[in-house]
Amino acid sequence: MAQLSDDCFAFGGKLLAVEQAAALIEARVPVLEGEEQVALRDAPGRVLAEDLRAPVALPPFFNSAVDGYAFRHADLAAEGETRLLVVGRLQAGAVGAPVAPGTALRIFTGAPMPAGADTVMMQEDAREEAGAVVLPPGLKRGANCRPAGEDMQEGAVALRAGRRLAAPDIGLAAALGVTRLAVRRRVRVGVFSTGDELAEPGRPLGAAQTYDSNRFTLMALLASLPVEVSDLGILPDDRDATAQALAGAAGTHDLLLTSGGVSTGEADHVKAAIEAGGALVFWRLAVKPGRPAAMGVVRGTPVVGLPGNPVAAVVTFLHLARPLLLRLAGAAPDPLPRFAATADFAYRKKAGRREYVRVALAFGDDLPVARKYPREGAGLLTSLTESDAFAELPEEVTQVAPGDRIRVLPFRAVY
Ligand code: AMP
Ligand code: MG
């Protein structure tokens, strides 16, 4: 396994801009070694390890795109109707005899074009009369036909290495006759929560306890990524126990995620635990919510310490853990989706950091309208469940007024 050096993230700045974090990950994190062959039905979500070249052309042969009549374009009169004798019938899956001058063949979608024919008239545009077909003028040569290789030439690159395979990619591979794909091995990710106050869902809730939600949010966020997830439970607010757990898990995982315990409070031990077992670069991100986020390497395995507040954990997962994981997985960079919207809220913020404001989107004839979730706390889980997107307010912006054009990141599409 490619191991990270303990100081691979070394970075001089204090508050790291989101873009710098992405660039650092791209530059410093090696792709994990190892690939395997999987059947198509096991391939969705996996990362293609090698370019897939088309072993056959697509479509493999010249064929009709519609139900109609195949004929020689040279037989079609420039003006007035043309009457051609219908000499046969050809369905998809059958091979027909050549079409002689002055004749036509009844043909169905997907049937190979008979030798001699170069054009198809749709059945809706023709009429059959006593064994002949009557065709109107004005059709272009080659109309309603699909040339061999129209979709893809034999030997062309169908799918590039690094692609995360989605349903259409699987369909394309099948259309090319491929049954197995070379994919990168899954990234083994271990997920911890930290905090003396956390209770396991399903157990009785003690006084001063709150149920652990982050671990479940994070495992759900990971579900669509090319990973093998281990649920590593809840760690107490204790430096040595945290350090031991991280060191223990580092040997069997490619990436460790924790949440909570990364601020500068006395009960925040994740930073110290990473330092105890490896090296830490305290990546305070210039982002709200989510500023405290620790990043380090323990025994060659990267560790991302996400903040404890549930919304901050999601924001930093998307900006740190996701790109890091995609990089380890050998996936091509996949920026989070963003599109333009109109704000229907007023908002003020500090310059120098990026802010993510939870909004619900209303779609109309114009740009989608972004309505702000009424409350702002980074601990409000309902601010995520009742919203569709983050309004992404850039570093230099200090205020938003109703009617402003803004950028939104539809997080539900990323989950
Ligand atoms: P911390 O960063 O550990 O100080 O946590 C900040 C806030 O997030 C506190 O109110 C914690 O109780 C809460 N929190 C931390 N971890 C979790 C978790 N796994 N699930 C739900 N809330 C959490
Ligand atoms: Mg805590």
Side-chain angles (χ1 to χ4, degrees), residues 15-16 189-223 227 229-246 249 253 255-276 280-296 298 303-322 325 353 355-356 358 373 375-387 390 411 415:
L15 271 187
L16 194 67
V189 184
V191 184
F192 291 103
S193 287
T194 72
D196 288 343
E197 78 283 25
L198 299 180
E200 184 71 29
R203 301 251 174 88
L205 199 59
Q209 281 199 310
T210 187
Y211 284 123
D212 178 3
S213 64
N214 287 346
R215 204 156 32 98
F216 297 88
T217 309
L218 294 173
M219 291 191 291
L221 283 166
L222 290 165
V227 294
V229 180
S230 327
D231 179 350
L232 300 178
I234 302 169
L235 295 172
D237 283 320
D238 179 273
R239 193 198 76 152
D240 294 342
T242 307
Q244 258 186 23
L246 292 177
H253 293 86
L255 172 63
L256 297 176
L257 300 182
T258 66
S259 69
V262 281
S263 303
T264 43
E266 282 175 20
D268 294 324
H269 297 294
V270 171
K271 180 174 174 284
I274 297 175
E275 273 165 338
L280 176 118
V281 176
F282 194 29
W283 264 16
R284 293 202 312 152
L285 272 193
V287 56
K288 183 188 173 188
R291 193 170 61 148
M295 183 114 193
V298 169
V303 181
V304 182
L306 302 170
N309 273 311
V311 181
V314 169
V315 169
T316 45
F317 175 90
L318 293 178
H319 288 100
L320 283 184
R322 180 180 178 276
L325 191 155
R353 70 182 180 197
E355 270 193 50
Y356 289 95
R358 280 82 77 196
Y373 186 75
R375 289 170 296 141
E376 272 149 42
L380 297 172
L381 277 162
T382 50
S383 72
L384 292 175
T385 57
E386 308 274 308
S387 301
F390 292 119
F411 56 76
Y415 298 171

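Order of listing sets the numbers, starting from 1, for every ligand and every atom in it.
Distances from ligand 1 to the non-hydrogen atoms of Ser213 include at least one value under 4.0 Å.
When hydrogens are left out, the protein atom nearest atom 6 (C) of ligand 1 is Asn309 N, 3.8 Å; that is the closest non-hydrogen contact. When only non-hydrogen protein atoms are considered, atom 4 (O) of ligand 1 lies nearest to Asp268 OD1, 3.9 Å.
Side-chain N or O atoms of Tyr211 include one that pairs as donor or acceptor with a backbone N or O of Arg203 at under 3.5 Å. Checking side-chain atoms of Thr316 against main-chain N and O of Ala313 turns up a donor-acceptor pair under 3.5 Å. Remark: side-chain polar atoms of Asp238 are paired, donor with acceptor, to backbone N or O of Asp240 under 3.5 angstrom.
Atoms of ligand 1 found under 4.0 Å from any heavy atom of Ser193, numbered from 1 in the order shown, are 19 (N). Of all the atoms in ligand 1, the ones that sit under 4.0 Å from a non-hydrogen atom of Glu197 are 11 (C), 12 (O). Within ligand 1, counting atoms from 1 as listed, the ones closer than 4.0 Å to a heavy atom of Gly260 are 2 (O), 3 (O).
Nearest residue to atom 15 (C) of ligand 1 from Gly308, Ala312, Gly261 is Gly308 (criterion: closest heavy atom). Of the listed options Asp196, Asp212, Asn214, Asp237, Asn214 places a heavy atom closest to atom 16 (N) of ligand 1.
Dense packing is recorded around CD of Glu275, with more than 12 heavy atoms of other residues, nucleotides or ligands lying under 6.0 Å away.
When heavy-atom distances to ligand 1 are checked against a 4.0 Å cut-off, Ile234 has no atom that comes that close, whether in backbone or side chain.
Taking the six-membered ring for Trp and thresholds of 30 and 60 degrees, Phe390 and Tyr356 have ring planes more than 60 degrees apart, a perpendicular arrangement.
Among Asp196, Asp212, Asn214, Thr194, the single residue meeting the side chain to side chain contact (heavy atoms under 4.5 Å, CB included) criterion with Ile234 is Asp212.
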Q: Decide side-chain contact (heavy atoms from CB on, under 4.5 Å) for Thr258 and Leu246; before the verdict, give the C-alpha distance in whole Å, the side-chain angles of both, and the deciding distance to 0.1 Å.
A: CA-CA 9 Å; Thr258 66; Leu246 292 177; 4.0 Å; yes
